[in-house]
Amino acid sequence: MAAPVIIERLAVIGTGLIGGSLARALRAAGAVTTIVGCDADPRNLEQALSLGIIDEAAAGVAEAVRGAGVVFVSVPVCAIPGVVRELAPFLEPGCVVTDGGSVKAAIVEECERLMPPGCCFLGGHPIAGTEHSGAAAAFASLYSGKRCILTPTDATDAAAFDTVSRLWQAAGAQVCCMEPGHHDRIFAEISHLPHVVAYALVHAVGTADVEGENVLSYTAGGFRDFTRIASSDPAMWRDISLMNREALLASIDGFSRSLAELRSRIDRSDPQGLAEFFTIAKQFRDGIV
Ligand code: NAP
């Protein structure tokens, strides 16, 4: 038996990895009838259309949101409020606007204020992704078995929350809720800090001078596993770092203290202290895999 249609018309603003994958997943689940896309990059939009990710390519956001029951904004975090400001005057009454941005407090605060009467903004963040970008990187199973965090507030309409939850569930995700600021502090630790550290590590090793050798040419599995996320889009991580600045700075300070402690145990040739430090870290790591 076919799954029930949740909404007739979905607008995806930013038809890249995140927006394109949601479109693919919802189409595969039979949860939407028509998907219209809009993208600042005309080649990416054309690719989304030719790959069958979207049914219609809109020339701008006004055209994209016309008649849409849900608008999913999946552009870089710094661009989300501007996109929502641009599309808000063209929303149909009852429309729900949601996003997939990796930072929530600043986006939710601004976008809720931009909603016209009868429309609702609900922040979202799928905990799924790859280091690749664009429509060609999108795939239907990206969200399967992954979490999607929604960040409702007192202003969130219950029906809007229900619609967005059902869409993510149809895409295969497990929905959970968080207060926007709490989300940003948690993701500063478990996502934004690891990206910053991976970039810093590759930067340090790439610019290291060991008797004129190209040190990177000797790297093997461990280095590559650890640094995979340093191949992520630099512009995306610039935006996330700036938008979650305060929480990320606090996480970097915590990491710096941890690294300084480790350095000091190495410096004083403290075998027991080092073993304890590594054992505690190993136990945390073993506990999550
Ligand atoms: P992406 O593959 O680069 O796709 C984003 C698309 O949006 C690009 O084609 C981009 O065009 C376009 N765009 C930029 N500004 C726009 C605007 N003002 N109006 C319309 N289109 C615009 O990026 P993504 O990986 O899907 O990321 C999208 C969002 O998802 C981000 O907010 C990110 O924080 C979030 N997210 C990403 C991941 C991940 O692993 N990638 C995971 C979870 C959440 P240009 O290339 O020309 O800028």
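Counting starts at 1 for both ligands and their atoms, in listed order. No experiment lies behind these values; they were computed from the predicted model shown.
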For this session: Find all atoms of ligand 1 within a distance of less than 4.0 Å from any non-hydrogen atom belonging to Thr130, and give their numbers and elements.
Result: 40 (O), 41 (N)
Exercise. So does Arg257 pair up with Asp253, basic N to acidic O under 4.0 Å?
Worked result: no
Exercise. Less than 3.5 Å between some nitrogen or oxygen of Gly14 and one of ligand 1, yes or no?
Worked result: no
Exercise. Would you find more than 12 non-hydrogen atoms of other residues, nucleotides or ligands less than 6.0 Å from Arg285 atom CZ?
Worked result: no
Seminar exercise, completed: If we number the atoms of ligand 1 from 1 as shown, the ones under 4.0 Å from a heavy atom of Pro126 are 43 (C)
Problem set entry | Met178, Gln174, His182 screened by side chain to side chain contact (heavy atoms under 4.5 Å, CB included) with Ile149, the one that passes | Met178
For this session: Identify whether the distance between the nearest side-chain nitrogen and carboxylate oxygen of Glu92 and Arg66 falls below 4.0 Å.
Result: no
For this session: Identify, for atom 17 (C) of ligand 1, the protein heavy atom at the shortest distance, and state residue, atom and that distance.
Result: Val83 CG2, 3.8 Å
Exercise. Atoms of ligand 1 less than 4.0 Å from Val77 heavy atoms?
Worked result: 32 (O), 34 (O)
For this session: Answer yes or no: does an N/O atom from Asn44 fall short of 3.5 Å to an N/O atom of ligand 1?
Result: yes
For this session: Would you mind checking which non-hydrogen protein atom is closest to atom 21 (N) of ligand 1, with the distance to 0.1 Å?
Result: Ala40 N, 3.0 Å
Exercise. In terms of residue, atom name and distance, what is the protein heavy atom nearest to atom 31 (C) of ligand 1?
Worked result: Val75 O, 3.3 Å
Seminar exercise, completed: Closest to atom 11 (O) of ligand 1 by heavy-atom distance, out of Leu142, Asp39, Ile13, is Asp39
Exercise. Is the number of heavy atoms from other residues, nucleotides or ligands under 6.0 Å of Glu109 CD greater than 12?
Worked result: no
Problem set entry | Salt-bridge contact Glu261-Arg265 (side-chain N to carboxylate O under 4.0 Å) | yes
Problem set entry | Same apolar cluster: Ile35 and Leu51, side chain cutoff 4.5 Å | yes
Exercise. Is there at least one pair of N or O atoms, one from Gly134 and one from ligand 1, spaced under 3.5 Å apart?
Worked result: yes
Problem set entry | Leu17 N/O under 3.5 Å from ligand 1 N/O | yes
Seminar exercise, completed: Heavy-atom proximity to atom 40 (O) of ligand 1 ranks first, among Gly129, Gly101, Ala137, for Gly129
Problem set entry | Mutual orientation of the aromatic rings belonging to His192 and Phe187 [parallel < 30°, tilted 30-60°, perpendicular > 60°] | tilted
For this session: Can you measure from CZ (Arg27) to CG (Asp55) and round to the nearest 0.5 angstrom?
Result: 4.0 Å
For this session: Distance to 0.1 Å, residue and atom name: give those for the protein heavy atom nearest to atom 24 (P) of ligand 1.
Result: Ile18 CG1, 3.9 Å
Exercise. Is there a heavy atom of Ala128 sitting under 4.0 angstrom from any atom of ligand 1?
Worked result: yes
Exercise. Which atoms of ligand 1 have any heavy atom of Asp41 under 4.0 Å away?
Worked result: 11 (O), 47 (O)
